[in-house]
Amino acid sequence: MSILTEIRNRFRPVLADLTADVDSALGMVLRAQDGKFGDFQANCAMPLAKAHGKPPREIAQQIVDRVSVEDLADKPDIAGPGFINVRLKDSWIEEAATQLVADERLGHQRLAAKKYVIDYSSPNVAKPMHVGHLRSSVIGNALDRVLRFVGHEVISDNHIGDWGTQFGMIIFGFKNFVDEAAYKRQPVSELARLYRLVNQLCDYHDAKVERPNLLGKLADLQTEISAINNPLQQARLIRKLKASISEQEALLDDYAAKIATIASSPELSKLADSYPDIAVQARHETAKLHGGDAENQRLWNEFMPECLQALQGVYDKLGIKFDKALGESYYNPFLADVVTKLQAAGLATESDGAVCVFLPGNEAPFIVRKKDGAFTYATTDLATVQYRVEQFGTQVMLYVVDTRQSEHFKLLFETAKRMGFGDVEFHHVNFGTVLGNDGRPFKTRAGDTVGLESLLDEAVARALQIVSENAPDLDDATKKSVAEAVGIGGIKYADLHHNRESDYKFDWDKMLSMSGDTATYIQYANARMNGILRKGNVDRAALRSSGARVRLTHASERSLVLQLLSFEDAVNAVVAELKPNLLAQYLFETANRFTTFYNDCQVLNETDAAIRQSRLLLCDLTARTLTLGLELLGIAAPAQM
RNA sequence: GCGCCCGUAGCUCAGUUGGAUAGAGCAACGGAUUUCUAAUCCGUCGGUCGGAGGUUCGAAUCCUCCCGGGCGUACCA
């Protein structure tokens, strides 16, 4: 049990006498923010005082008089307006830490198991993975590992995009533009090229059609703005119009660029002229595929293994494994039924030729069948929910997906609940957009985005260089595996230590940086501890069962031990919030406190045998905490580096 | 138009869901190594938490308005 829980349990009976809402009062019992306020603080006296119409310090005094903590802490102090500060007794910390040594799970008690499906990564097979795909994979995998560790039954599912409009583009491209030799050599990159090409041509025609409309809209706005005859009064309106104009102009630039790209290349212009209705034709190929057309099915079956294998290469490098990879195509047989069911239940109605679910309070409909008869990802997602509940008995469903799709998930969850899945707990585990160095969202369609695989390779190469400089004595195989741990771990950590909800500025150098708040820092601390244990010829299992006790003789030992004792809180916080950065922060702080301890306290050179044993225990315990913690984030922890 | 999100140190970001003097990393500057790994440690500098009101014992956090930015918004996923 964590110390925090223990402390709260002590306060519980006392607070129960003062309020009906004990839990919220207990929520104000926290780790102290600052060492000078002790180890824990209870901030509940102030709000309780108001309810009782008494001075806060009087209520605080009442709590302090009644709370029973003599065995584990000094008599609590009252400070400021009524803060209650608790300082733990060293003897109690020593005992708690000694018990921790014997615990395989480092103090974490399993939670009541629930059945989870966690849906993450979900790349589109038509496009090669790029850095934008990293967040879902890395955050999702960390949550996957943490949920399993705390005791849940987890099925990880890679919901691959293998059935959408892009596939029609590939098929169309393949039928019309394929370079057979290139396809034989490198099937996946040829398919990617075809996708980009078709997409580019579609955009071109689209831009040409839309441009006049846009120009018209711009002219209207200009007229509107010049018609304003009282600029002072209508300053706000003018600002809005101007914003609107610059927005349209940006779009126009975008179109102009697309048109220019094609126009500047004679070959591309020729292609564009030869296929004026390419978008329609590509969509037609998608429809044929969905409809069971033999040729398109054959192509799909031919392409898929190649595409999946290419993805697998990236997952191998990242150390990510899925239980299932049921792509969109898997649900094709169920889609028609979903729509029928929705219609029968009166949930879906036809509108403008499309079948839609209209949900109160939402302007946009949830479209489950387009007017051309094709189904959408809304349909697929509903079928997926149904499948997961029926096949796996799923109780909690997590979707680790970009925050920009929050509206989709809001509608999905609402519709699913109305369809009869009201008992399922749904969470859109949203994350912020990946931004470029300019602070603008990464463009996925532009050709110049950083490919994920080359990024990973670059990271490992840089790490190898640093490993060779810093640890020339390691043999080559060890250097290589350390470089992988440091390179890949660094990239993952760069992502995981941010709050997932914030936008994320992609910075190559920062991502590959190996000093400061990085995975490398934590890995290095871990390696140093392992180094001590190795150098001292310590049999770690024997050490743990030796009956040696943790003893506090220095402030930095105390600080480290308190941190080790709150591992459970850190892990449970990740589960409660579905935020891996809470664990990343915890590990950095732990490594930090260890390094201070390392600086202040000698271990192997300590002459007092009992203190030496105690410090060895701390090394062992800290190393286990960091290794396990990093593992939960999907980051390797080499024993030496 | 409607909806959602964001604005914290020069830069990148935390901030325990309303708590005490707002914290890290990077960058800059100064120091530490005959001692278990210097991929390290210690210190200094750096803030009108976008602005203005309000709520209360107490606000970066909650409410209102304003400024600035991002995203989504009927048949892409």
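Residue numbers start from 1 in every chain, and the chains themselves are labelled A, B, ... in the order their sequence lines are given, proteins ahead of strands. Worth knowing before you read on, the calculation uses all heavy atoms, side chains too, and leaves out hydrogens, waters and symmetry mates.
- Of the candidates B:rG72, B:rU56, B:rC36, B:rG72 carries the atom nearest the A:Glu407 side chain, counting heavy atoms from C-beta on.
- In this structure, A:Arg462 pairs ionically with A:Asp509, as a charged nitrogen and a carboxylate oxygen lie closer than 4.0 Å.
- The side chain of A:Thr165 sits closest to B:rC76 out of B:rA39, B:rU17, B:rC76.
- Among the protein residues, A:Tyr493 comes within range of no part of the nucleic acid, since none of its heavy atoms lies under 4.0 Å from any strand.
- For A:Lys579 and B:rU16, a side-chain-to-base donor-acceptor distance below 3.5 Å is absent, hydrogens and geometry of angles not being considered.
- When each of B:rA14, B:rA39, B:rA77 is scored by its nearest atom to the side-chain atoms of A:Glu328, the top-ranked nucleotide is B:rA77.
- Ring pair A:His498/A:Phe431: centre-to-centre distance not below 6.0 Å.
- Among the protein residues, A:Asn599 comes within range of the sugar-phosphate backbone only, with heavy atoms under 4.0 Å from sugar or phosphate atoms but none that close to a base.
- Closest-nucleotide positions on RNA chain B for A:Arg31 and A:Thr595 were compared, and the one nearer the 5' end corresponds to A:Arg31.
- Taking 90° from 0 as the syn/anti boundary, the base of B:rU21 is oriented anti.
- Rounded to a whole angstrom, the distance from the P atom of B:rG50 to that of B:rU12 is 15 Å.
- Side-chain atoms of A:Tyr504 and A:Leu134, non-hydrogen and from C-beta on, never get closer than 4.5 Å to each other.
- Distances were taken from every side-chain heavy atom of A:Lys535 (C-beta onward) to each of B:rC36, B:rC41, B:rC71; the shortest belongs to B:rC36.
- Comparing B:rA38, B:rA74, B:rC42 by their nearest atom to the side chain of A:Tyr598 picks out B:rA38.
- Atom CG in A:Asp21 sits about 15 Å away from atom C1' in B:rG18, given to the nearest Å.
- Side-chain contact, A:Ser406 with A:Thr403: no donor N or O sits under 3.5 Å from an acceptor N or O.
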Dot-bracket for RNA chain B, please, read 5' to 3', with Watson-Crick or G-U wobble pairs under 3.5 Å on both distances, ( ) within the strand, [ ] crossing, | other strand, . unpaired.
(((((((..((((.....[...)))).(((((.......))))).....(((((..]....))))))))))))....

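- One finds no side-chain N or O of A:Asn470 lying less than 4.0 angstrom from the OP1 or OP2 phosphate oxygen of B:rA38.
- Listed nucleotides B:rG19, B:rA14, B:rU37 differ in distance to A:Met46; the shortest reach to its side chain belongs to B:rG19.
- Between A:Tyr195 and B:rA77 there is no side-chain polar atom (N or O) within less than 4.0 angstrom of OP1 or OP2.
- Side-chain N/O atoms of A:Gln640 and base N/O atoms of B:rU37 include no donor-acceptor pair closer than 3.5 Å.
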Is there a side-chain hydrogen bond (donor to acceptor under 3.5 Å, both in side chains) between A:Asp21 and A:Ser24 once you walk through the steps?
CA-CA 6 Å; A:Asp21 189 2; A:Ser24 77; 3.0 Å; yes

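- In this structure, A:Met641 reaches the bases: a heavy-atom distance under 4.0 Å links it to at least one base atom across the strands shown.
- Using a 4.0 Å heavy-atom cutoff across all strands shown, A:Gln405 reaches at least one base atom of the nucleic acid.
- B:rU21 and B:rA59 have their P atoms separated by 10 Å, given to the nearest Å.
- The interatomic distance linking A:Asp600 (CG) with B:rU35 (C1') rounds to 14 Å, in whole Å.
- Atom CD of A:Glu589 is separated from atom P of B:rC41 by 12 Å (rounded to the nearest Å).
- Residue A:Phe588 is tested with A:Tyr521, A:Tyr493, A:Tyr524 for a ring-ring contact (aromatic ring centres under 6.0 Å, His included); the sole match is A:Tyr521.
- Comparing B:rG69 with B:rA32, their P atoms are spaced 49 Å from each other, to the whole Å.
- Stacking between A:Tyr521 and the base of B:rA39 is absent under the criterion of ring centres within 5.5 Å and planes under 30 degrees.
- Separating the CG atom of A:Asp495 from the C1' atom of B:rU12 is a distance of 14 Å, rounded to the nearest angstrom.
- Spacing between B:rU61 and B:rC6 at atom C1', rounded to whole Å, works out to 14 Å.
- Under a 4.0 Å N-O distance rule, the pair A:Lys36/A:Asp34 qualifies as a salt bridge.
- Looking at heavy-atom distances under 4.0 Å, A:Pro56 makes no contact with the nucleic acid at all.
- Spacing between atom NZ of A:Lys505 and atom C1' of B:rG69 amounts to 12 Å, rounded to whole angstrom units.
- Across all their heavy atoms, A:Cys356 and A:Pro365 have their closest contact at CB-CB, 3.7 Å.
- Between A:His159 and A:Tyr331, the distance from one ring center to the other falls under 6.0 angstrom.
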Nucleotides 4-9 of chain B: protein proximity per nucleotide (B base, S sugar-phosphate only, - neither; heavy atom, under 4.0 Å)
------

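- A salt bridge does not link A:Glu414 with A:Lys410: every distance from a Lys NZ or Arg NE/NH1/NH2 to an Asp or Glu carboxylate oxygen is 4.0 Å or more.
- In this structure, A:Arg528 reaches the B:rA38 phosphate: one of its side-chain N or O atoms is under 4.0 Å from OP1 or OP2.
- Using a 4.0 Å cut-off, no side-chain N or O of A:Tyr377 falls inside it from OP1 or OP2 of B:rA77.
- No side-chain donor from either of A:Arg500 and A:Asn581 sits under 3.5 Å from a side-chain acceptor of the other.
- Between A:Ser566 and A:Arg31, the side chains place a donor N or O and an acceptor N or O closer than 3.5 Å (distance only, hydrogens not considered).
- Nucleic acid contact class of A:Ala79 (heavy atoms, under 4.0 Å, all strands): base.
- Residue contacts shown for A:Gln465 are absent, as no nucleic acid heavy atom lies under 4.0 Å away.
- At whole-Å resolution of the value, CD in A:Gln33 and P in B:rG18 are 13 Å apart.
- Heavy atoms of A:Cys44 sit nowhere under 4.0 angstrom from any nucleic acid atom.
- Rounded to whole angstrom, the span from the CG atom of A:Asp569 across to the P atom of B:rU17 amounts to 12 Å.
- In plain terms, the two heavy atoms of A:Cys601 and A:Ser556 that are nearest each other are SG-OG, 3.9 Å.
- Between A:Gln613 atom CD and B:rC36 atom P there is a gap of 20 Å when expressed in whole angstrom units.
- As judged by a 4.0 angstrom heavy-atom cut-off over every strand, A:Gln585 is placed among residues touching the sugar-phosphate backbone only.
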B/S/- contact track for nucleotides 24-33 of chain B, protein heavy atom under 4.0 Å
SSS-------

Do A:Gln563 and A:Thr590 pass the side-chain hydrogen bond (donor to acceptor under 3.5 Å, both in side chains) test, and can you show the C-alpha distance, the side-chain angles, and the key distance before you say yes or no?
CA-CA 6 Å; A:Gln563 178 72 3; A:Thr590 307; 3.0 Å; yes

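- Within the 6.0 Å centre-distance limit, the rings of A:Phe409 and A:Tyr399 are counted as a close aromatic pair.
- Here the side chain of A:Asn499 is nearest to one of B:rG15, B:rC36, B:rA39, namely B:rG15.
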